[in-house]
Amino acid sequence: NKIKGMRGQVSVFEPHFADTNREQLNLEEYLKRAIEEKRFELWYQPIVNAANGRIEEFEALMRLRDEGGDLISPERFIPLLEESGWIMLIEPWLLRAAASAASLLSRRVPGGCCVAVNICGQQLLDNGFIERILRILEETACEPGWISLEVTERQFLENPERVIQVLQALRELGIRVAVDDFGTGYSSLAYVKRLPVEHLKIDREFIRELPHSEPDKAIVRSVGRMCDGLGMRVIAEGVETKEQMQWLYNHRVFLYQGYLFARPAPLESWLSEEALAMVVRPLKEGRDTSSI
Ligand code: C2E
Ligand code: MG
Ligand code: MG
Ligand code: MG
């Protein structure tokens, strides 16, 4: 179960609690207080487009600090928020923060951009979801086209008909949808062919060993071809090296997110022209070396 599953990970509470159950209880208590005190932060990581040299998107990633001020890994606290349903309590703040950021960034980033928000199944399948989003977009002067929603494959399995219906409705409103962590869930090509989504994000797992792993190369190549045929665009997650970028570029994958370009950072970090220019620099350097 989840409690045992979290054991191996580095924990901020470890020095105080040897007992995993107590540690878990403690994290729950900590999250409850963090929700009441509105202490979550939303950070942003750019996604770049090598075809035009621009920032295309920012993914909004939730952050929470422990008592000492260090960041707690989202891999630890997000599953708890989702399983407890508390994610619903954070949603209004999360969507409002992301939409305000999108409203700001889309005007500052040369050529415009959008902000991608991670959404879990409970949110997507909740009856009031679309209305809540629309209200927040209005309140924050955010165009629907400036927001993208990232959903994982797992959610399609639970209630595919309803998910497809909701995604279709979102798309008609002009809100984009991306399949997140593609290839790691319980993928079914039967669903992929029916999904009204614009973007497919290949999980970092398949990018990590490029260009040295033959199986990964074969997988990324065929996902790319599949997306071409389906009219979807591929985003490569976790691009960390120039070699990876070059290989992806040569295989017609042009959208990248990863430490090679930038790590997630608070909104304030993205408000200067210099910071935005730094992000796309590896794209130009990549092009320069490939033309030699
Ligand atoms: P994700 O949606 O797949 O987000 C991408 C993760 O990859 C982020 O981890 C990001 O920091 C990390 N990453 C990006 N580029 C690189 C790279 O080059 N190298 C490496 N090693 N990592 C890279 P993060 O921020 O720790 O988030 C983990 C997961 O937590 C996310 O995975 C997402 O599933 C979930 N999450 C984060 N924020 C939210 C949120 O607001 N709502 C929900 N429901 N889930 C969230
Ligand atoms: Mg994501
Ligand atoms: Mg992802
Ligand atoms: Mg991932």
Under a 3.5 Å distance rule, please check whether Asp66 uses its side chain to pair with a backbone N or O of Gly69 as donor and acceptor. yes
Could you check whether Glu214 pairs with Lys217 (Lys NZ or Arg NE/NH1/NH2 to Asp/Glu carboxylate O, under 4.0 Å)? yes
Check the pair Leu267, Leu42 against side chain to side chain contact (heavy atoms under 4.5 Å, CB included), reporting the backbone distance first and the verdict last. CA-CA 8 Å; Leu267 181 61; Leu42 207 49; over 6 Å; no
Are Ile235 and Leu248 connected in a single hydrophobic cluster, I mean Ile/Leu/Val/Met/Phe/Trp/Tyr linked by side-chain heavy atoms less than 4.5 Å apart? no
Just verifying a value: how many Å separate Met88 CE and Leu94 CG, rounded to the nearest 0.5 Å? 11.5 Å
Using a 4.5 Å cut-off on heavy atoms from C-beta on, say whether the side chain of Met62 contacts that of Phe77. yes
Residue pair Tyr256, Tyr249: steps toward the side chain to side chain contact (heavy atoms under 4.5 Å, CB included) verdict: CA-CA 10 Å; Tyr256 319 127; Tyr249 189 88; 3.4 Å; yes
Mind listing the closest non-hydrogen atom pair of Trp146 and Cys113 along with its distance? CD1-O, 4.0 Å
For the pair Glu83 (side chain) and Leu80 (backbone), establish whether a donor and an acceptor sit closer than 3.5 Å, ignoring hydrogens and angles. no
Heavy atoms only: give me the nearest Pro264-Tyr259 pair and the separation to one decimal. CD-CE2, 4.3 Å
Side chains of Val280 and Ile55: does their closest heavy-atom pair fall under 4.5 Å? yes
Just how far is it from atom CD1 of Ile90 to atom CG of Leu31, taken to the nearest 0.5 Å? 7.5 Å
Say you draw a straight line from CD1 of Ile175 to CD1 of Ile147; how long is it, rounded to the nearest 0.5 Å? 7.5 Å
Is there a path of hydrophobic side-chain contacts, each under 4.5 Å between heavy atoms of I, L, V, M, F, W or Y residues, that connects Leu167 with Val117? yes
Over 12 non-hydrogen atoms of neighbours within 6.0 angstrom of CZ in Arg252: no
Side chains of Ser103 and Arg107 only: does a donor on one sit below 3.5 Å from an acceptor on the other? yes
Kindly give the heavy-atom pair with the smallest separation between Met232 and Leu195, and that separation in Å. CE-O, 4.0 Å
Would a 4.5 Å heavy-atom cut-off, applied to side chains only, mark Ile47 and Phe58 as touching? no
Nearest non-hydrogen partners of Glu57 and Ser148, listed with the distance: OE2-OG, 4.2 Å
For the pair Gln244 (side chain) and Ile207 (backbone), establish whether a donor and an acceptor sit closer than 3.5 Å, ignoring hydrogens and angles. yes
Decide whether a cation-pi geometry holds between Arg39 and Tyr30; the criteria are a distance under 6.0 Å from NZ or CZ to the six-membered ring centre and an angle within 45° of the ring axis. yes
Leu61 with Leu271, same ILVMFWY side-chain cluster at under 4.5 Å: no
Under 3.5 Å: donor-acceptor pair, side chain of Asn49, backbone of Gly53: no
Determine, stepwise, if the pair Arg204 / Glu209 fulfils salt bridge (Lys or Arg N to Asp or Glu O under 4.0 Å). CA-CA 9 Å; Arg204 160 163 106 242; Glu209 290 173 44; over 6 Å; no
Could you walk me through whether Glu237 and Arg208 satisfy the salt bridge (Lys or Arg N to Asp or Glu O under 4.0 Å) test, starting with their C-alpha distance in whole Å, then the side-chain angles of each, then the deciding distance to 0.1 Å, before giving a yes or no? CA-CA 9 Å; Glu237 290 187 330; Arg208 196 181 298 131; over 6 Å; no
Quick one: does any side-chain atom of Ser269 pair with a main-chain N or O of Ala265 as donor and acceptor, under 3.5 Å? no
Measure the spacing between CG of Leu210 and CD of Glu240 and express it to the nearest 0.5 Å. 11.5 Å
Are any of the side-chain heavy atoms of Val48 and Leu255 separated by less than 4.5 Å? no
Donor-acceptor pair, side chain of Glu198 and main chain of Val177, under 3.5 angstrom: yes
hydrophobic_cluster_shared for Leu170 and Leu134, side chain cutoff 4.5 Å: yes
Which value, rounded to the nearest 0.5 Å, describes the distance between Asn52 atom CG and Leu283 atom CG? 9.0 Å
Determine, step by step, whether Met226 and Val192 satisfy the side chain to side chain contact (heavy atoms under 4.5 Å, CB included) criterion, reporting the C-alpha distance in whole Å, the side-chain angles of both residues, the deciding distance to 0.1 Å, and the verdict. CA-CA 10 Å; Met226 177 183 83; Val192 169; 4.1 Å; yes
Salt bridge (Lys or Arg N to Asp or Glu O under 4.0 Å) between Glu28 and Arg33, worked out: CA-CA 9 Å; Glu28 282 178 21; Arg33 263 191 291 134; over 6 Å; no
Listed pairs under 3.5 Å, donor-acceptor, residues 126-133 side chains, sequence neighbours left out:
{"residue": "Asp126", "atom": "OD2", "partner": "Gly128", "partner atom": "N", "Å": "3.4"}
{"residue": "Asp126", "atom": "OD2", "partner": "Arg132", "partner atom": "NH1", "Å": "2.8"}
{"residue": "Asp126", "atom": "OD2", "partner": "Arg132", "partner atom": "NH2", "Å": "3.3"}
{"residue": "Asn127", "atom": "OD1", "partner": "Arg162", "partner atom": "NH2", "Å": "3.4"}
{"residue": "Arg132", "atom": "NE", "partner": "Glu91", "partner atom": "OE1", "Å": "2.6"}
{"residue": "Arg132", "atom": "NH2", "partner": "Glu91", "partner atom": "OE1", "Å": "3.2"}
{"residue": "Arg132", "atom": "NH2", "partner": "Glu91", "partner atom": "OE2", "Å": "3.3"}

Ile136 backbone acceptor or donor facing Thr140 side chain under 3.5 Å: yes
Between Arg108 and Glu273, does at least one N-O distance fall below 4.0 Å, as a salt bridge requires? no
Are Arg135 and Glu138 close enough that some pair of their side-chain heavy atoms sits under 4.5 Å apart? no
So do Val163 and Val151 actually touch side chain to side chain, heavy atoms under 4.5 Å? no
Can you tell me how far CG of Leu95 sits from CG of Leu137, rounded to the nearest 0.5 angstrom? 8.5 Å
Give the intermediate values and the outcome of side chain to side chain donor-acceptor pair (under 3.5 Å) for residues Gln257 and Gln45. CA-CA 8 Å; Gln257 174 178 14; Gln45 184 183 29; 2.8 Å; yes
Can we say Glu37 and Lys32 salt-bridge, meaning some charged N sits less than 4.0 Å from an Asp/Glu carboxylate O? no
Check whether Leu27 and Ile78 end up in the same hydrophobic cluster, where Ile, Leu, Val, Met, Phe, Trp and Tyr are linked by side-chain heavy atoms less than 4.5 Å apart. yes
Assess whether a salt bridge exists between Glu150 and Lys201, defined as any Lys/Arg side-chain N lying under 4.0 Å from an Asp/Glu carboxylate O. yes
Taking NZ, NE, NH1 and NH2 as the nitrogens, is one of them in Glu41 or Arg65 under 4.0 Å from a carboxylate oxygen of the other? yes
Would Ile202 and Ile219 count as a side chain to side chain contact (heavy atoms under 4.5 Å, CB included) if you check the C-alpha gap in whole Å, the side-chain angles of each, and the deciding distance to 0.1 Å? CA-CA 10 Å; Ile202 308 187; Ile219 289 168; 5.8 Å; no
Checking the side chain of Arg176 only, and the main-chain atoms of His199 only, is there a donor and an acceptor separated by less than 3.5 Å? no
Please verify the inter-ring angle class for Phe40 with Trp93; under 30° counts as parallel, over 60° as perpendicular, anything in between as tilted. tilted
Heavy-atom nearest pair, Trp270 first then Pro46, reads CZ2-CD, 3.7 Å
Flag the pair Met245 / Thr241 as yes when at least one side-chain heavy-atom distance between them is below 4.5 Å, and no otherwise. no
Over all atoms of both residues, closest heavy-atom pair of Ala98 and Tyr44: CA-OH, 4.0 Å
Side chains of Gln168 and Glu172, heavy atoms from C-beta outward: is any pair under 4.5 Å? yes
